[in-house]
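Take a look at the structure set out below.
Numbers here are sequence positions counted from 1. Counting starts at 1 for both ligands and their atoms, following the listed order. Values reported hereafter were calculated over all heavy atoms of this structure, with side chains retained and with hydrogens, waters and symmetry mates removed.
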Amino acid sequence: MDFLNLNKISEPYRKELVDAATEVINSGCYIRGEKCKEFENLLCRYLGCNYAVGTGNGLDALKLIFRAYIEMGVMAEGDEVILPANTFIATMIAITENRLKPVIADIDATTLNLDINNIEKLITPRTKAIIPVHLYGRCCWSNQLKDIAQKYNLKIVEDNAQAMGAKSIVCGLNENYMCGALGDAAATSFYPIKNLGALGDGGAVTTNDTKLAEVVRALSNYGSEEKYIHKYIGINSRLDEIQAAMLCIKLKYLDIENRRRAEIAEIYDKNITNEKIIKPLFEENGECVWHQYVIRTKNRKYLMQKLEEQGIPTMIHYPTPLHKHEAYKEYNTLHLPMAEKCATEILSLPINPAMSDSDVLKVAEAVNISCS
Ligand SMILES: *Cc1c(COP(=O)(O)O)cnc(C)c1O
């Protein structure tokens, strides 16, 4: 059994993907042309937002949002950004690369996402933004988060790399409810293993803010809105036509794939019965698109080894909380009890649309008998 086999993920769409790639090759236009525009429009329609800007990858999308806010005078060097301890390091790099100051917050043990109940005490006069990371595909959003942002005039920048297709269940009737259209801006990644994965690198910024979208688009293309007229010192981070073409196809099937992920999560939820295992919350409400299925156990090392002996691969997302990385030495003395505890207990079981029911049942059974 594979944890994830990308060849199998592409297989159902192989012909469509090959035809679309051929069309791009024949067009002679390879970067930010018609396909990129088409995909940006499809993404806006899917999320219910006004603007999408294709970027080279997810890290750049997140970096560019903060760069744009700095160019717009909304933030300045040394301003603080709150983010959860349990996330991929990209979330942190996007802040420090912009010379902003990360304020790492503890997580909620039930969702493994940012603990929104505990962020208000971290806010100072220099706090300018909060990054809810929709980790493992689970929407991190609440009215309380919105209220805090409003009260302290903070931007909410979603890290939506893992949750394309997930919905907030707390939004009112006339509000956006898709992850990626909840906050002031969102960054997403189309890295091949993500729920909406390209066949290479890609990312996007999504927002309803006209000015932000304009500045991000310029910054990502050498700071230029018009050829050879440079308003900002930009970077080169654009979505290429082949990846945009792949994504136009993959987006059509995203909801079907996410539904399959939810079915798998449900099979795990019903069939993992060992009481030593803490399972992730399972509710059929679309709030989670199951990028990962993360259980917790006190005997992780033993369980991993037992599963491996039975040919079942597992992974840990993530073994080290942000503040314990060697790269960020100045944060190593910070103590965030829940994030640190969970980092020693979490284990990701295989979950992807290419898995069969019998694969899933095999994993569930192996977990039941292997955990002591
Ligand atoms: C994948 C990921 C990113 C970065 O995306 P890339 O396309 O790899 O640059 C950022 N944040 C989270 C939570 C991710 O999972």
Taking atom 2 (C) of ligand 1 as the reference point, the nearest protein heavy atom with its distance = Lys194 NZ, 2.7 Å
Numbered atoms and elements of ligand 1 in range of Leu59, under 4.0 angstrom, heavy atoms = 4 (C), 5 (O), 6 (P), 9 (O)
Single hit among Val157, Asp79, Leu154 for side-chain contact (heavy atoms from CB on, under 4.5 Å) with Lys128 | Asp79
Ligand-residue contact atoms, ligand 1 with Ala161, heavy atoms, under 4.0 Å | 2 (C), 3 (C), 10 (C), 11 (N), 12 (C), 14 (C), 15 (O)
Any side-chain donor-acceptor pair under 3.5 Å between Asn258 and Arg260?
-> no
Backbone, side chain, both or neither: what part of Asp159 comes under 4.0 angstrom of ligand 1, heavy atoms only?
-> side chain
Donor + acceptor pair across side chains of Arg32, Ser220 (<3.5 Å) = yes
Compare every heavy atom of Ala339 with every heavy atom of Ala85, then report the nearest pair and how far apart it is.
-> CB-CB, 3.6 Å
Going by the order shown, which atoms of ligand 1 are within less than 4.0 Å of some heavy atom of Thr87?
-> 13 (C)
Less than 3.5 Å between some nitrogen or oxygen of Gly58 and one of ligand 1, yes or no?
-> yes
With atom 7 (O) of ligand 1 as the reference point, say which of Pro84, Ser189, Ser237, Ala198 has the nearest heavy atom.
-> Ser189
Do Asp184 side-chain atoms and Thr207 backbone N/O form a donor-acceptor pair below 3.5 Å?
-> no
Check ligand 1 against Ala90 and write out every atom of the ligand that is under 4.0 Å from a heavy-atom position of the residue.
-> 3 (C), 4 (C), 10 (C)
Going by atom types only, do Tyr191 and Gln162 share a side-chain donor-acceptor pair under 3.5 Å?
-> no
